[in-house]
Amino acid sequence: MNMTALPTSIPDYLEHLRRSLAGADPAMIQDALYDAEEYLRSEMAENPGKSEAEVIAAVASSYGAPDEVADIYRDTEVKVQEALRPPRPQVRADIHKTSWLRSVFGVFSDPYTYGALFYMLLSLATGIFYFTWTVTGVSLSFGLMALIIGVPLLLLFIGATRILSLVEGRIVETMLGERMPRRTVYHDRDLPILDRIKDMLVDPRTWSTFLYFLLMLPIGIVYFTIAVTGMTTALALIASPLADWFGDFNGYHVWIGDVMLSDSGSAFWLWPIVVLAGVVLLVLTLHLVRAIGRVHGRIAKHLLVKLD
């Protein structure tokens, strides 16, 4: 190890680590910077008589130089993501003809499909909460700006919103599978308090988080409507023969072009058609749900995570 190449201060160490992680997942970079800062500052607290350069040189053999730490994080990230990824089904060489069936019906065995479905159902409640939180916080903060309490209230609101965005990120990662930060964003603690406040206010991620929270209300309404309408309609079609069998269904009305075929009694001959329509609708709904989950995960990352 070339000790002379080591940074001589914590901000320099973190900046070197950031450069070494260039091109990696932004969420992973945020976690790496937070962990490195916490470790180095804890070492500084335990060695009050040493300078930052001496502490960094001392811990380089255990924690590692920035380049070494970056390599460790890259390797660990690959292993963790591989472990979290759902196992792929075994594919035999003699059944490639049925690959299209797996691509169509494999949505039933994908855990992220059900995670996205639950997220879409939950998004109505979270969207209402996020929208109310943002509108109330912004209104109170700027409304009281003329008073001395307005500024600290705004800063407190922004800090709490960032913590809330971290919680939303954990929900997104768990349900949608998109890698999100597990640590708060890194801030240079050596800067004066006014400079840190200025950095927080000019950080685009602060305002993109507000935008995300505001958009979650209309998005949540759309998600909830798609999930409930699609799933209930599909399941109702699939279960309708049972309702007809037990006498709780008043017959079928099927349109073929401009002609309506109806039967006020038990239309047994229509059962397969209705069930097949329900299955097709269920498959299409789950594919749509999974696609929405993937797109939303990327949107959440772009709005909640600082992209370098």
Side-chain angles (χ1 to χ4, degrees), residues 1-81 148 151-167 169-170 173 179-209 301-302 304-308:
M1 182 188 305
N2 185 6
M3 301 298 293
T4 59
L6 287 175
T8 57
S9 67
I10 293 178
D12 290 343
Y13 185 101
L14 296 175
E15 183 59 31
H16 192 158
L17 178 58
R18 185 194 297 273
R19 292 197 304 269
S20 299
L21 288 171
D25 191 299
M28 190 258 291
I29 296 176
Q30 180 171 318
D31 292 342
L33 293 174
Y34 181 94
D35 292 340
E37 183 191 23
E38 285 297 301
Y39 183 83
L40 293 175
R41 293 195 181 280
S42 65
E43 290 294 323
M44 285 292 299
E46 294 177 2
N47 298 275
K50 294 184 178 180
S51 65
E52 291 187 1
E54 292 174 330
V55 170
I56 291 175
V59 302
S61 59
S62 57
Y63 191 75
D67 294 335
E68 297 171 330
V69 174
D71 292 338
I72 293 173
Y73 266 92
R74 290 180 188 274
D75 294 340
T76 303
E77 185 72 11
V78 172
K79 295 177 182 178
V80 170
Q81 293 303 314
I148 192 172
V151 175
L153 182 61
L154 176 62
L155 299 179
L156 180 63
F157 170 65
I158 293 177
T161 300
R162 290 197 167 193
I163 295 176
L164 193 59
S165 71
L166 192 65
V167 175
R170 302 304 299 127
E173 180 170 0
R179 174 66 160 91
M180 298 293 285
R182 292 141 197 179
R183 309 285 191 273
T184 56
V185 68
Y186 157 72
H187 288 291
D188 189 350
R189 299 182 187 178
D190 292 334
L191 289 176
I193 184 64
L194 292 179
D195 290 338
R196 292 171 60 184
I197 292 174
K198 178 183 176 182
D199 288 344
M200 184 172 59
L201 293 176
V202 300
D203 185 359
R205 196 181 68 92
T206 298
W207 309 105
S208 65
T209 300
K301 171 166 285 188
H302 279 279
L304 299 180
V305 184
K306 185 176 181 180
L307 303 179
D308 292 327

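Computed over heavy atoms, backbone and side chain alike; hydrogens, waters and symmetry mates excluded. Heads up: numbering here begins at 1 and tracks the sequence.
- By the 4.5 Å heavy-atom criterion applied to side chains, I10 and R41 are counted as neighbours.
- In terms of heavy-atom proximity, D67 sits nearest to S20 at OD1-OG, 2.5 Å.
- The side chain to side chain donor-acceptor pair (under 3.5 Å) search around R170 returns E173, not counting sequence neighbours.
- Counting heavy atoms from C-beta outward, L21 and E77 have side chains that stay 4.5 Å or more apart.
- Remark: R182 CZ to Q30 CD distance equals 11.5 Å, nearest 0.5 Å.
- Taking CZ of R183 as the start and CD1 of I29 as the end, the distance is 15.0 Å to the nearest 0.5 Å.
- Contact of the T76 side chain with the M28 side chain is not registered, since no non-hydrogen atoms from C-beta on lie closer than 4.5 Å.
- Closest approach of L17 and P66 over heavy atoms only: CD1-O, 3.5 Å.
- Rounded to the nearest 0.5 Å, atoms CZ (R162) and CD1 (I158) are 7.5 Å apart.
- P181 and L166 make their closest contact through O-CD1, 3.6 Å (heavy atoms, listed as atom of the first residue, atom of the second, distance).
- Note on ring orientation: taking the six-membered ring where Trp is involved, the planes of Y63 and Y13 are tilted (angle from 30° to 60°).
- Contact between P26 and V305 at its shortest, heavy atoms only, is CB-CG1, 3.8 Å.
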*Can you list the steps and then say if T8 with I56 is a side chain to side chain contact (heavy atoms under 4.5 Å, CB included)?*
CA-CA 7 Å; T8 57; I56 291 175; over 6 Å; no

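- Listed for the W207 side chain is a donor-acceptor partner under 3.5 Å among the backbone atoms of L201.
- P11 places a side-chain heavy atom less than 4.5 Å from the side chain of E52.
- Contact annotation: the side chain of D31 approaches that of R179 to within less than 4.5 Å [non-hydrogen atoms, C-beta and beyond].
- Remark: side-chain polar atoms of N47 are paired, donor with acceptor, to backbone N or O of E43 under 3.5 angstrom.
- Taking 4.5 Å as the limit, every side-chain heavy atom of V55 sits out of range of all side-chain heavy atoms of E46.
- In this structure, D35 and Y73 have side chains that are in contact, with non-hydrogen atoms separated by less than 4.5 Å.
- Contact between E54 and G49 at its shortest, heavy atoms only, is OE1-O, 4.5 Å.
- The minimum heavy-atom distance linking R205 with S165 is given by the pair NH1-OG, 4.1 Å.
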